[in-house]
Amino acid sequence: MGSSSSDTGNVKTSAPAGAQRGGTLTVLSTADVDYIDCGETYYQFANQIEYALCRGLYSYKPGDKGLPSPDIATGPAEISKDGKTVTVKMKSGIKFGPPVNREVTSKDEKYAIERAFSKNVPNGYASAYFGDVQGAAAAAKKADGGPIDGIVTPDDHTIVFKLTKPTGTVIAGALGMLISAPVPPEYAKPLDQKNPSEYGNHLVATGPYMIPDDKSGKLTGYEPMKDITLVRNPNWDPQDRLPPGLPRQDQRQGRRGPGRRLAPDRRRPEHDQRRLHPPAGDPQAGGDEAEGPAPADGLGGGRFMSFNFTQKPFDDINVRKAVIAGFDRNALRLTRGGEVIGPIPTHQLPPGLPGFEEAGGLQGPGYDWLKNPSGDKAVMAKYFKAAGMSSGKYEGNAKILVVGDDSGPGGRAAEIAQSQLLDMGFKVNFRQVPHSTMYTKFCNVPKADVAFCPNTGWFKDFFDSQTLLDPTFNGKNIIQENNSNWPQMNDPGVNKLLDQGEVTVGQGQRAKIFAEADKRITALAPNVPWVWDKQPNIASKNVAMVGNSFNATVDLNYTSLKK
């Protein structure tokens, strides 16, 4: 049940001894999930719910902070010495919920991953982490869901991934994501032929919970934007240790807030922040007194304001350093709640990811333009003068295009950015648009020629630094749509390190390589980093809240009502 000693604030990361089974837990959220289909979902909040519905080969117990724990798998993934073959053995006796009601096999795992390469199943990361599987590139091009030759099932309880490159470590980490939740092909294939797939409306559970459905399998317990009800999956074995599934029933009531949808690509922009708590006065949740808020583990990423290296004047490294040095980054953090939501960054890799300590930890590499989180006008002036501006402020006449959020905390941060740029001497063409439009029409589109994007952010997919640095700084990942290399950085030294890290087997060596890449990236001043996020969670006093270190949210499988 995770680490028995891990505790962040008053958010436990293990279920209490003798935790109560049964009861009804009610959770409030400001927004809905992105998808109910576990093969499609990519939201932080959605993952919180989906891990209660869908078991994968591997899952994160509350205290796991590295590789995920075996779930349907019997043990760790076996990676060949050359890093090109990954073999996973599976447990017997794991069953699908109604209406399928049969044992899960390796063929269900194979189909689950293949369908993520279909245009009808908009998975956001399949090509990023499974693209080196033999045949995956062709499957991605056809976008028809496979089959993929490099995914082999020699028997009902063994699945093998054959790779074109030594990226077995990446595959092993990615198998903890919900793409590895099994999908029964005889049931799902007809639903997957529709565009978009209808499987999400007929989801078959493998976890301790399921969404109520009718006799045909169509879900009846989900009303988009309003309510999700989870009830006990009758085919879940209570003797199975992972996950325990303590409440008998979970009820979710969601109100659509300023949620962020993802572009239909492998990139993972900043997660939504959610406060989760039983409603005041709920007789089953125990009244209106609440514990918290208390910060859980960090989300494994952060928020930053991105320069565009292709746009003047940010093609000049001294101008970029001057802007970072002069920014009051603490004022930006206050838009999200201040110190409680996390520390102000000194480099790119956040706490909790391999390579963070090797890259300097909380102190960072010590660059003077990042030392003062409240801004240092003297250091700012030094770098503007190094860029040829004798006044110590920016002296150009052209307006720079700045595009940011138009509402909520993101809107306030964008307005602070505009104000500070004006104070530095910049002339600004400032546009505020909805968050999704900011990504899909402006900041993720190089031809839009946005010089400065104040509302960018990125968070890990699993505990590997490649998932944070490679999509956002590797030159090979500059693309014309859905681009997340916002600086359009294409530095040969950085690219070489990131490519080397991708094919390196062994977490220790990978950490060293990505730490060196982090130092080089930070030295190029690609952004104004202003918070490494943590997740505040609150709960009523009769809820034994258990936090999950991987997702930095309340773990619904281990949380229970107090006796």
Side-chain angles (χ1 to χ4, degrees), residues 302-329 332 344-349 359 364-404 413-414 416-430 443 446 449-458 469 472-475 478 483-495 517-531:
R303 301 175 194 274
F304 40 84
M305 300 189 164
S306 295
F307 301 111
N308 183 343
F309 289 10
T310 73
Q311 298 295 306
K312 292 184 177 299
F314 299 132
D315 58 338
D316 187 327
I317 190 171
N318 286 309
V319 173
R320 301 196 298 269
K321 290 178 181 179
V323 172
I324 298 168
F327 247 92
D328 183 349
R329 293 180 288 149
L332 296 171
I344 293 175
T346 52
H347 51 109
Q348 304 300 320
L349 282 178
Y367 300 130
D368 62 350
W369 65 89
L370 281 164
K371 277 190 175 181
N372 191 335
S374 297
D376 190 319
K377 299 302 182 184
V379 177
M380 179 190 78
K382 180 182 80 168
Y383 285 109
F384 273 132
K385 289 176 181 178
M389 302 170 194
S390 59
S391 67
K393 286 193 171 185
Y394 182 69
E395 297 173 356
N397 292 318
K399 285 187 175 182
I400 60 170
L401 177 59
V402 177
V403 181
I416 289 172
Q418 178 203 27
S419 175
Q420 296 199 35
L421 289 170
L422 291 171
D423 286 344
M424 294 177 192
F426 290 93
K427 294 178 174 62
V428 178
N429 177 12
F430 182 54
C443 291
D449 293 336
V450 181
F452 191 69
C453 289
N455 296 115
T456 51
W458 197 264
L469 297 181
T472 51
F473 298 112
N474 197 325
I478 300 172
N483 173 60
S484 294
N485 182 341
W486 293 292
Q488 297 185 55
M489 181 184 290
N490 193 15
D491 181 81
V494 170
N495 295 345
D518 181 7
K519 293 176 185 177
R520 293 199 185 193
I521 292 165
T522 304
L524 292 171
N527 53 37
V528 181
W530 57 274
V531 68

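For reference, positions follow the sequence shown, starting with 1. Just so it is clear, the values below take in all heavy atoms, side chains as well, and ignore hydrogens, waters and symmetry mates.
- Using a 4.5 Å heavy-atom cutoff, the side chains of Q418 and P454 are not in contact.
- Between the side chains of N495 and N490, at least one donor-acceptor pair of N or O atoms lies under 3.5 Å.
- The shortest heavy-atom contact between I400 and K312 is CG2-O, 4.1 Å.
- From D315, atom CG reaches atom CD of Q488 across 12.0 Å, with rounding to the nearest 0.5 Å.
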Checklist entry - Going through the checks in order, is the side chain to side chain contact (heavy atoms under 4.5 Å, CB included) test met by K371 and D376? => result CA-CA 8 Å; K371 277 190 175 181; D376 190 319; over 6 Å; no
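- Nearest heavy atom pair, residue V450 against residue Q311, reads O-CG, 4.0 Å.
- Between M305 and A413 the shortest heavy-atom distance is CE-O, 3.5 Å.
- Looking at heavy atoms from C-beta onward, K382 lies in side-chain contact with D368 at the 4.5 angstrom threshold.
- Without hydrogens or angle criteria, K393 side chain to D423 main chain gives a donor-acceptor distance under 3.5 Å.
- To the nearest 0.5 Å, atoms OG (S374) and CD1 (I344) are separated by 6.5 Å.
- Shown are D518, I478, N527; of these, the side chain to side chain contact (heavy atoms under 4.5 Å, CB included) with F473 is made only by N527.
- To the nearest 0.5 Å, atoms CZ (R520) and OG1 (T522) are separated by 12.5 Å.
- Going from atom SG of C443 over to atom CG of N308 covers 9.0 Å, rounded to the nearest 0.5 Å.
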Checklist entry - Given L401 and D449, is the side chain to side chain contact (heavy atoms under 4.5 Å, CB included) satisfied, shown in steps? => result CA-CA 8 Å; L401 177 59; D449 293 336; 5.5 Å; no
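- Contact check for F384 versus N318: no side-chain heavy atoms found under the 4.5 Å cut-off.
- Scanning all heavy atoms of the two residues, the minimum distance from K321 to A525 falls at CG-CB, 4.0 Å.
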Next on the checklist: side chain to side chain contact (heavy atoms under 4.5 Å, CB included) for L421 and F327? Distances and angles first, verdict last.
Outcome noted: CA-CA 8 Å; L421 289 170; F327 247 92; 4.3 Å; yes
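- Just one residue in the list F307, F309, F314 forms a side chain to side chain contact (heavy atoms under 4.5 Å, CB included) with P526, and that residue is F309.
- The two residues F426 and P313 come nearest to each other via the heavy atoms CE2-CG, 3.8 Å.
- Shown here for K519 and A359, the closest heavy-atom pair between the two residues is CE-CA, 3.8 Å.
- Interatomic distance, K385 NZ to M380 CE, rounded to the nearest 0.5 Å: 10.0 Å.
- Test I324, T456, V531 against F304 for side chain to side chain contact (heavy atoms under 4.5 Å, CB included) and you get one pass: T456.
- Contact annotation: the side chain of I521 approaches that of L469 to within less than 4.5 Å [non-hydrogen atoms, C-beta and beyond].
- Between the N455 side chain and the G404 main chain, no donor and acceptor come within less than 3.5 Å of each other.
- Panel note: side chain E395, backbone S390; a donor-acceptor pair is recorded below 3.5 Å.
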Next on the checklist: Let's go through R329 and L370 carefully: what are the C-alpha distance in whole Å and the side-chain angles of both, what is the deciding distance for side chain to side chain contact (heavy atoms under 4.5 Å, CB included) to 0.1 Å, and is it a yes or a no?
Outcome noted: CA-CA 10 Å; R329 293 180 288 149; L370 281 164; 3.7 Å; yes
